[in-house]
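Structure record follows, encoded as structure tokens.
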Amino acid sequence: MGEIALRVEGLEKSFGEKNVHKGVSFELRKGEVLGLFGGSGSGKSVILRSIIGLEKPDAGKILFEGQDLATLSERKLMEVRKKIAYVFQNGALFDSLTVEENLSYPLQEHTKLSNAQIHSKVNAMLELIDMKGSNLLLPAELSGGMQKRAGLARAIILGPEVILFDEPTAGLDPMNTQRLLDNVKKLKERGMTGIFVTHDIPAAVQISERIAILNQGKIHVIDTVQNLQNSSDPLVKSFLGAESHANKG
Ligand SMILES: Nc1ncnc2c1ncn2[C@@H]1O[C@H](COP(=O)(O)OP(=O)(O)OP(=O)(O)O)[C@@H](O)[C@H]1O
Ligand SMILES: [Mg+2]
């Protein structure tokens, strides 16, 4: 069945009167991409934010490498954030820094690598995201697709164990969506583990081993893409319906 990278157990979270999570449980296996679907406002981002400690669950556990992230101190969370990367939707680059400076930043902060080593890591990363030679450009000089890929590169340059993607293809045209997915596929070939939150069902189907659907505060179902595509569950069909028609067509 594969080793478990991360286990979420019975997460509960309310904002005021609103019960967003009513007992969310799932496991992320090492080496898999887990697609996470759910309606707008269902609490997908709050799951990811809870995993990196930006939200505190009211109850439940988030087990990672023998620690419960739900109760970890801020200082220990800093360490965990080197191992669990969060890819922001807009890339979240520093506007006044070049691409090279943006990508170098985590390496300068968190490693003892020499400038030459950092430069060569940055170049390797730029090659991976199809942005070779863009070192000296400022974020404003990049297309939206490039900004997102650069944001991805910066998020993962420390070599995290787990990558959390929050709608990384939102707002991208089909060509740039595919480029980003191809980048993610390259990471998969290197054994990446990740959670991929998206409304883009075909994209998630392409790169996920399994898919989880969050509904009414709980994981309604979590299963392989193939099993879900053959499911007769109405909710599953409503999420995957469009995709399975597309496959047949
Ligand atoms: N910091 C916060 N304070 C108050 N309410 C919040 C906060 N963060 C999230 N919420 C609420 O929790 C619910 C879940 O939010 P979340 O952002 O996780 O949804 P989502 O599934 O990511 O939606 P989308 O697909 O639109 O991104 C929403 O109703 C949102 O308004
Ligand atoms: Mg969200």
Side-chain angles (χ1 to χ4, degrees), residues 6-28 33-62 64 69-72 74 77 80-81 84-93 144-145 147-149 151-152 155-156 162-173 176-177 180-181 184 194-208 210-223 225 228 233-243:
L6 187 95
R7 176 179 280 125
V8 171
E9 263 178 35
L11 275 201
E12 293 177 24
K13 179 72 178 175
S14 298
F15 295 102
E17 298 283 277
K18 197 173 170 105
N19 294 333
V20 176
H21 296 153
K22 303 177 191 168
V24 171
S25 303
F26 65 90
E27 290 172 348
L28 176 67
V33 171
L34 177 67
L36 179 56
F37 298 164
S40 207
S42 60
K44 304 177 298 296
S45 294
V46 173
I47 291 179
L48 300 190
R49 291 167 55 78
S50 301
I51 291 172
I52 53 164
L54 295 177
E55 298 283 358
K56 284 285 171 220
D58 302 329
K61 292 181 178 169
I62 300 168
F64 174 72
L69 305 184
T71 56
L72 224 51
E74 190 55 33
L77 279 169
V80 169
R81 288 188 194 123
I84 304 181
Y86 188 100
V87 181
F88 289 90
Q89 197 186 103
N90 57 5
L93 299 169
Q147 286 182 13
K148 287 198 192 195
R149 300 205 306 280
L152 165 65
I156 65 174
V162 172
I163 309 177
L164 308 178
F165 294 91
D166 201 348
E167 302 192 40
T169 62
L172 293 182
D173 62 33
N176 277 300
T177 294
L180 190 129
L181 293 176
V184 176
I195 301 178
F196 197 91
V197 168
T198 187
H199 291 283
D200 185 344
I201 312 289
V205 165
Q206 251 190 69
I207 61 156
S208 305
R210 294 191 303 156
I211 284 174
I213 299 179
L214 181 64
N215 189 49
Q216 299 193 338
K218 293 190 174 184
I219 299 295
H220 177 80
V221 68
I222 177 166
D223 208 340
V225 171
L228 291 182
D233 180 316
L235 185 76
V236 172
K237 287 179 89 148
S238 77
F239 272 98
L240 293 179
E243 164 64 12

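One-based numbering, in listed order, for ligands and for the atoms of each. A quick note: this is a predicted structure, and the numbers were derived from the prediction, not measured.
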4.0 Å heavy-atom contact, E167 with ligand 1: yes
Point-to-point distance, once rounded to the nearest 0.5 Å, from CD1 of I163 to CD1 of I156: 4.5 Å
Heavy-atom donor-acceptor pair, D200 side chain to A203 backbone, under 3.5 Å: yes
Cation-pi check, K237 onto F239 ring (under 6.0 Å, within 45° of axis): no
Contact bool for atom 31 (O) of ligand 1 (protein heavy atom, d < 4.0 Å): no
Protein heavy-atom partner closest to atom 28 (C) of ligand 1 - residue, atom, separation in Å: G41 O, 3.8 Å
Stepwise side-chain contact (heavy atoms from CB on, under 4.5 Å) check, L28 with F64: CA-CA 10 Å; L28 176 67; F64 174 72; over 6 Å; no
Check: G10 main-chain N/O paired with S25 side-chain donor or acceptor under 3.5 Å: yes
Region of V20 that comes within reach of ligand 1 [heavy atoms, distance under 4.0 Å]: side chain
Atoms of ligand 1, numbered as shown, that sit under 4.0 Å from any heavy atom of H199: 25 (O)
Short N/O/S contact of S40 with the Mg ion (ligand 2) (below 2.8 Å): no
Ligand-side contact atoms (ligand 1) for residue partner E55, heavy atom cut-off under 4.0 Å: 1 (N)
Sub-4.0 Å atoms of ligand 1 with respect to non-hydrogen atoms of V46: 9 (C), 15 (O), 16 (P), 18 (O)
Electrostatic pair E74-R81, nearest N-O below 4.0 angstrom: yes
Check: G38 main-chain N/O paired with K44 side-chain donor or acceptor under 3.5 Å: yes
Any G43 heavy atom less than 4.0 Å from ligand 1: yes
Distance-only donor-acceptor check, side chains D58 and H21, under 3.5 Å: no
Numbered atoms and elements of ligand 1 in range of K18, under 4.0 angstrom, heavy atoms: 29 (O)
Donor-acceptor contact present, side-chain K13 to main-chain I47, <3.5 Å: no
Closest protein heavy atom to atom 5 (N) of ligand 1, given as residue, atom name and distance to 0.1 Å: F15 CG, 3.3 Å
Closest to atom 26 (O) of ligand 1 among A170, G16, S40, S14 (heavy-atom distance): S40
Heavy atom of G39, distance to ligand 1 below 4.0 Å: yes
Test of proximity, G38 against ligand 1: N or O pairs below 3.5 Å: no
For S42, atoms of ligand 1 separated by under 4.0 Å from a heavy atom: 19 (O), 21 (O)
Any protein heavy atom < 4.0 Å from atom 9 (C) of ligand 1: yes
